[in-house]
Amino acid sequence: MEALIPVINKLQDVFNTVGADIIQLPQIVVVGTQSSGKSSVLESLVGKDLLPRGTGIVTRRPLILQLVHIDSEDCKKTSEENGINGDEWGKFLHTKSKTYTDFEEIRQEIDAETERISGNNKGVSDEPIHLKIFSPHVVNLTLVDLPGLTKVRKLSGNILWMSCAVLHFLPRWRL
């Protein structure tokens, strides 16, 4: 089973690059209302503060966070070969070859990429941001942080929970 994980990671890279969602690979998706702690739960699994913080709607685009475990020896070798300072780093799909070792820079890049697509007026998009975290302190796992659900009252008085971004990641329950 352990041998399949690198293959699955490569498949995710290929599908994410071409924008295809041909196969549904296992992932943990956090769903909930705005400001209910979804991002904080994911940060606790990663063991790093790397996601944007604030009031109101902060997560405005889905974040596909792929955790890649590297053992300490591979980490040291990779760090030396690529001039990386540290045993943990991140890479975004949209920045291609840039490596981030400062998790505050990762947070800032998430904010910048969110504003690039969603604008700075609190718009929400279902286009995900793809981030890989390489570390000897994580397990191989894919996590998805989604924008929060919001209440919308219909004319009939019924309350409807809405978020297009959430529906995209829950195809089994798509309306």
Task: Minimum-distance pair of heavy atoms, taken over all atoms of D87 and H137 - done: OD2-NE2, 3.2 Å

Task: Least distance between heavy atoms, E109 atom then T95 atom - done: OE2-CG2, 3.8 Å

TODO: Please check if any side-chain donor atom of S125 sits under 3.5 Å from a side-chain acceptor atom of S118, or the reverse.
DONE: no

Open item on the list: Side chains of E88 and F103, heavy atoms from C-beta outward: is any pair under 4.5 Å?
Closed with: yes

Open item on the list: Starting from V58, can I reach L63 by hopping between I/L/V/M/F/W/Y residues whose side chains sit under 4.5 Å apart?
Closed with: no

Task: Distance in Å, I133 CD1 paired with Q66 CD, rounded so as to fall on 0.5 Å steps - done: 10.5 Å

TODO: Evaluate the side-chain contact (heavy atoms from CB on, under 4.5 Å) criterion for residues R53 and S39: first the C-alpha distance (whole Å), next the side-chain angles of each, then the deciding distance (0.1 Å), finally the verdict.
DONE: CA-CA 9 Å; R53 302 211 179 276; S39 298; 5.7 Å; no

- [ ] Give, for atom CG of D111 and atom CZ of R116, the distance between the pair rounded to the nearest 0.5 Å.
- [x] 14.0 Å

TODO: Treating Ile, Leu, Val, Met, Phe, Trp and Tyr as nodes and any side-chain heavy-atom pair under 4.5 angstrom as an edge, say whether I110 and I117 lie in one connected cluster.
DONE: no

TODO: State whether the side chain of N140 and the backbone N or O of H69 hold a donor-acceptor pair below 3.5 Å, judged by distance alone.
DONE: yes

Task: Test item: P52 and Q108 side chains (from C-beta on) under 4.5 Å apart, heavy atoms - done: no

Task: Spacing of T114 atom OG1 and E127 atom CD [to the nearest 0.5 Å] - done: 10.5 Å

Task: Check: V30 and L143 side chains under 4.5 Å, non-hydrogen atoms - done: no

Task: Nearest-0.5 Å distance, CD1 of residue I64 to OG1 of residue T142 - done: 8.5 Å

Task: Electrostatic pair R61-E113, nearest N-O below 4.0 angstrom - done: yes

Task: Inter-residue atom distance L65.CG - D145.CG, 0.5 Å rounding - done: 8.5 Å

Task: Side-chain heavy atoms of L146 within contact of V144, under 4.5 Å - done: yes

- [ ] Assign the ring pair W89 / F134 to parallel, tilted or perpendicular, where the plane angle (0 to 90°) is split at 30° and 60°.
- [x] parallel

Open item on the list: Give me the atom names and distance for the closest heavy-atom approach of I129 to H94.
Closed with: CG2-CE1, 4.2 Å

TODO: With rounding to the nearest 0.5 Å, note down the distance linking CZ in R107 to CG in D49.
DONE: 5.5 Å

TODO: Search all heavy atoms of L67 against all heavy atoms of V139 and return the closest pair with its distance.
DONE: CB-O, 3.3 Å

Task: For the student: nearest non-hydrogen atoms of K91 and S97, plus distance - done: NZ-O, 4.4 Å

Task: Closest non-hydrogen atom pair, E43 against L50 - done: OE2-N, 2.9 Å

Open item on the list: With a 4.5 Å cut-off on side-chain heavy-atom distances among I, L, V, M, F, W and Y, is there a chain of contacts connecting L131 to I28?
Closed with: yes

